[in-house]
Q: 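Take this structure, written in structure tokens, and hold onto it; I'll ask about it next.
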Amino acid sequence: MSERLTQTPPGVRLGPLDLIADGDARNFVLEMKAGRFHGFAVRSGDTVAGYVDRCPHMGLPLAQQLDAYLTGEGGLIQCSWHGALFRIADGHCVGGPCVGATLTPWPLDVRDGAIYTG
């Protein structure tokens with residue numbers, strides 16, 4: 001079993017920006033020599049916010065269904081296990097069992113219409 005990583009090298013092209021619908025999220029798994037990285041990105045217009053797919057409450061991945069990271073109206077990130085709610089802009093928990101905790105950021109950039117690790 002490979003180690004679960006919490007960061008990626010910069011400059012890895014994840015795909016075109018339109019891989020993620022505006023106002024939606026997408027899961028990414030990167031297999032690297034050192035292990036496997038699980039993260040997700042949330043798109044807002046021409047920008048993306050990225051986070052390691054691990055809830056600070058219990059260490060579980062946030063989504064139980066593929067790409068289901070956002071609340072119904074899409075305004076917050078939600079952990080589907082225990083209902084923790086996080087702001088998209090900074091990953092800060094604003095509701096649920098880990099209020100005050102923060103998701104681990106995954107630096108992402110958009111260049112030339114594509115998403116890259118930062």
Q: Between Gly74 and Ile88, which heavy-atom pair has the shortest distance, and what is it?
A: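 Taking Gly74 first and Ile88 second, the nearest heavy atoms are O-CD1, 3.5 Å.
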Q: Is there a path of hydrophobic side-chain contacts, each under 4.5 Å between heavy atoms, that joins Phe37 and Phe40?
A: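 Looking at the clustering, Phe40 is in a separate group from Phe37.
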Q: Which residues satisfy the side chain to side chain donor-acceptor pair (under 3.5 Å) test with Gln65, sequence neighbours excluded?
A: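 Residues passing side chain to side chain donor-acceptor pair (under 3.5 Å) with Gln65: none at all.
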Q: Once rounded to the nearest 0.5 Å, what's the spacing between atom CD1 of Ile77 and atom SG of Cys55?
A: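 Interatomic distance, Ile77 CD1 to Cys55 SG, rounded to 0.5 Å: 10.5 Å.
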Q: Just to verify, what does Arg87 make a side chain to side chain donor-acceptor pair (under 3.5 Å) with, not counting sequence neighbours?
A: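 Partners of Arg87 by the side chain to side chain donor-acceptor pair (under 3.5 Å) criterion, ordered by chain and then number, come out as Asp90.
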Q: Same cluster or not: are Tyr51 and Val48 linked, directly or through other Ile, Leu, Val, Met, Phe, Trp or Tyr residues, by side-chain heavy atoms under 4.5 angstrom apart?
A: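 Per the 4.5 Å side-chain linkage, Tyr51 and Val48 are not co-clustered.
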Q: With Pro97, which residues qualify under side chain to side chain contact (heavy atoms under 4.5 Å, CB included), at least two apart?
A: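 If we apply the side chain to side chain contact (heavy atoms under 4.5 Å, CB included) test to Pro97, skipping adjacent residues, the hits are His57, His82, Ala84.
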Q: According to side chain to side chain contact (heavy atoms under 4.5 Å, CB included), who are the partners of Ala63, at least two apart in sequence or on a separate chain?
A: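 For Ala63, the residues satisfying side chain to side chain contact (heavy atoms under 4.5 Å, CB included) (neighbours in sequence not counted) are Tyr69.
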Q: Which pairs, with at least one residue in residues 50-70 and sequence neighbours excluded, count as a salt bridge (Lys or Arg N to Asp or Glu O under 4.0 Å)?
A: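 For residues 50-70: none.
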Q: Rounded at 0.5 Å granularity, tell me how far NE2 in His92 sits from SG in Cys98.
A: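 That separation rounds to 9.5 Å.
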Q: Would a 4.5 Å heavy-atom cut-off, applied to side chains only, mark Ile20 and Phe28 as touching?
A: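 Side chain of Ile20 against side chain of Phe28, heavy atoms only: contact under 4.5 Å found.
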Q: At what distance, to the nearest 0.5 angstrom, does CG of Leu14 lie from OG1 of Thr8?
A: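 So the CG of Leu14 and the OG1 of Thr8 are separated by 7.5 Å.
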Q: Apply the hydrophobic cluster definition, ILVMFWY joined by side-chain contacts under 4.5 Å directly or through others, and give me every member besides Val99.
A: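 Once heavy-atom contacts under 4.5 Å are chained together, Val99 still belongs with nothing else.
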Q: What residues join Met58 in its hydrophobic cluster, counting side-chain heavy atom gaps under 4.5 Å, either direct or through other members?
A: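 Joined to Met58, directly or through intermediates: Leu60, Trp81.
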Q: What are the two closest non-hydrogen atoms of Ala25 and Val42, and how far apart are they?
A: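 Looking at all heavy atoms of both residues, the shortest contact is CB-CG2, 4.0 Å.
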Q: Decide side chain to side chain contact (heavy atoms under 4.5 Å, CB included) for Leu76 and Leu70; before the verdict, give the C-alpha distance in whole Å, the side-chain angles of both, and the deciding distance to 0.1 Å.
A: CA-CA 6 Å; Leu76 294 167; Leu70 304 180; over 6 Å; no
Q: Once ring-ring contact (aromatic ring centres under 6.0 Å, His included) is applied, do any residues pair with Phe86, and if so which ones, sequence neighbours excluded?
A: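 Here no residue qualifies.
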Q: Does Thr104 use its side chain to pair, donor to acceptor, with the backbone of Val52 at less than 3.5 Å?
A: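 Absent.
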Q: Applying side chain to side chain contact (heavy atoms under 4.5 Å, CB included), can you list everything that pairs with Ser44, at least two apart in sequence or on another chain?
A: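 For Ser44 the side chain to side chain contact (heavy atoms under 4.5 Å, CB included) partners, ignoring immediate neighbours, are Thr47.
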Q: Give a yes or no on whether Leu17 and Leu30 share a hydrophobic cluster (residues Ile, Leu, Val, Met, Phe, Trp, Tyr; joining criterion: side-chain heavy atoms under 4.5 Å apart).
A: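 Same hydrophobic cluster.
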Q: Under 3.5 Å, which donor-acceptor pairs link side chains of residues 107-118 to any protein atom two or more places apart or in another chain?
A:
from   : atom 1 : to    : atom 2 : distance (Å)
Thr117 : OG1    : Pro9  : O      : 2.6
Thr117 : OG1    : Gly11 : N      : 3.1
Thr117 : OG1    : Val12 : N      : 2.9

Q: Quick one: list whatever passes side chain to side chain contact (heavy atoms under 4.5 Å, CB included) with Asp18, sequence neighbours left out.
A: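 Result, side chain to side chain contact (heavy atoms under 4.5 Å, CB included) vs Asp18: Pro16, Arg43.
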